[in-house]
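Scroll down for the structure; my scribbles are underneath it.
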Protein chains: 2
Amino acid sequence: MTETSIERRSGVALWRQIADQIRQGIGAGLGDETGRLPTEVALAERFGVNRHTVRTAIQALVQEGVLRSEQGRGTFVVRQPRLSYPIGSRTRFSAGLEGQARDLRGKLLDHAYEDASAPVAEALELVVGAPVLRLETMSEADGRPISRARSYFDAQRFPGFERHFVRTGSITMAYRHFNVGDYFRRSTTISARHADSADLEILKLSPGAIVLVALGFNVDQSGRPIQFSETRFSADRVELQVGGAGFTV
Amino acid sequence: MTETSIERRSGVALWRQIADQIRQGIGAGLGDETGRLPTEVALAERFGVNRHTVRTAIQALVQEGVLRSEQGRGTFVVRQPRLSYPIGSRTRFSAGLEGQARDLRGKLLDHAYEDASAPVAEALELVVGAPVLRLETMSEADGRPISRARSYFDAQRFPGFERHFVRTGSITMAYRHFNVGDYFRRSTTISARHADSADLEILKLSPGAIVLVALGFNVDQSGRPIQFSETRFSADRVELQVGGAGFTV
DNA sequence: TATAATTGTCTAGAGCAATAGACAAATTTG
DNA sequence: CAAATTTGTCTATTGCTCTAGACAATTATA
């Protein structure tokens, strides 16, 4: 579906372009049924570069855990299918990925009580400067980092929210302590960009990687805003699913 | 919301990373109300690089038409806000972007009658090898390339579909000729990747740019599949909007 | 058990990316 | 008008990217 080629003098090193294309190609069946990649010489010829340049690309992917090289045998794909993350009116982290991974977990990286900035205040329908709780979280599936999120909550309505989250490991559970039995995703805005240095570290990505950015906006049953969050997904590990697959839009 | 920083020895030239960050930052209010960017010296200090490196980045963006430099005065943003493309059960190109651009148009780049491959056949509920019509299209808003798409249709149900599309410039209109008065988006799967060479050419992007990839799946009123398409949006020019904003999910 | 195929390591050189400094040209400010 | 600010151009140097060739180490094959 996609014809490959690389650009010189583009500001992106050839080895990085090749690494990106190999990473992408893996899903589309690059490598035979045993997961074996073409040889370094064959890849070099295909991309029109020196063998050493291909080696640099492969080494980066080995470092990332995407490939595995064996001297004398070849280079092999380490099978890691992309997760499909459903987005809709009832978007939930754990429920959405159930069945796609054995071990799902969320971690609290940091939290702080702050004064609401203009965009946060507008989203939560508070006045600028009102106290809000900021949560920095990240999630893993079977030990692979999947996403990181920055979420804002009304501090007056949800005092000590972070403690409930840490104890239960779940936003949904934490809401229950504040009598929010159910809640809804009112809107999600999706964009994409290159990972910044914090993304690289937290999601264990290599420089030049892409993140899907989802700005989400949750409301309770009465329609009052309760959460505003920016979630960044590793674009190589996750795709976002809107509607379909037995999922109520 | 996003703290900027750049990575050395990443395989991506510093000037390109800086260009990417400036391009992104423009939407988030980099540059004051007059559209004036910080001076080259200030940017160099902020990114921790030499002024010449910043100049290379700026020159690339001037070439792209995103910035405009004036000797003695400064560097200015050529105003180009990011479009917000709604995705939901009634996703339509023109209707979705109405009001965000004066001049919306779709172009047919290519079309061909082919035998359905396995994934296409599955999506359209046909047998593998059944005749399908493949349309290659692209869209512009006020002369800026926004997206390109590859769509598949059942050739037996919609013979000559491409002629109706060319005449009306609209998928919705073309369907009317086959008594499909209304249709729905059953699901959309969103991912992101680096633009390939065809993307660069058609969407007029610079190497290293990111595209949002939306796999869409349309059905008619009775729930029968009528269209399967892959649309690629320039991530710098478009964000995808799921739900919200008076939009029925 | 040779032979071929494939990845791993080393050295050397050409070209692009980034730094550094100096000064010119155009514009704004006092 | 003079000074300060800001972009434009030039030269030189350092370091990273890519190429090129040779050979070692490991595994598969005839």
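Below, all heavy atoms of this structure are taken into account, side chains as well, without hydrogens, waters or symmetry copies. Proteins get letters first, then strands, A, B, ... in listed order; numbering begins at 1 in each.
Going from atom CG of B:Leu124 over to atom CZ of B:Phe217 covers 7.5 Å, rounded to the nearest 0.5 Å.
Using a 4.0 Å heavy-atom cutoff across all strands shown, B:Val41 reaches no nucleic acid atom at all. Note on A:Thr75: only backbone sugar-phosphate atoms sit closer than 4.0 angstrom, heavy atoms only; bases stay farther off.
Checked by atom type, the side-chain pair B:Tyr152/B:Glu230 shows no donor-acceptor distance below 3.5 Å. Under 3.5 Å, the side chains of B:Ser139 and B:Ser147 contain a donor-acceptor pair of N or O atoms.
Mapping heavy-atom proximity under 4.0 Å, the span of DNA chain C touched by chain A runs 5' to 3' from C:dT6 to C:dC16.
Place A:Gly11 and B:Arg51 on DNA chain C by their nearest nucleotides, and A:Gly11 ends up nearer the 5' end. Nearest-nucleotide positions on DNA chain D place B:Gln59 closer to the 5' end than the other of B:Gln59 and A:Asn50.
As a whole-Å value, the separation of A:Arg16 CZ from D:dT17 P is 11 Å.
The ring pair (Phe, Tyr, Trp, His ring centres under 6.0 Å) contacts involving residues 195-214 of chain B comprise nothing, where partners must be two or more places apart or lie in separate chains.
Each of D:dC10, D:dT19, D:dT7 was ranked by its minimum atom distance to the side chain of B:Thr39; first place goes to D:dT7.
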Distances under 3.5 Å only, N/O to N/O: pair up the protein atoms with those of nucleotides 25-28 of chain D.
{"unit_1": "D:dA25", "atom_1": "N3", "unit_2": "A:Gln71", "atom_2": "NE2", "d": "2.8"}
{"unit_1": "D:dA28", "atom_1": "OP1", "unit_2": "A:Arg73", "atom_2": "NH1", "d": "2.9"}

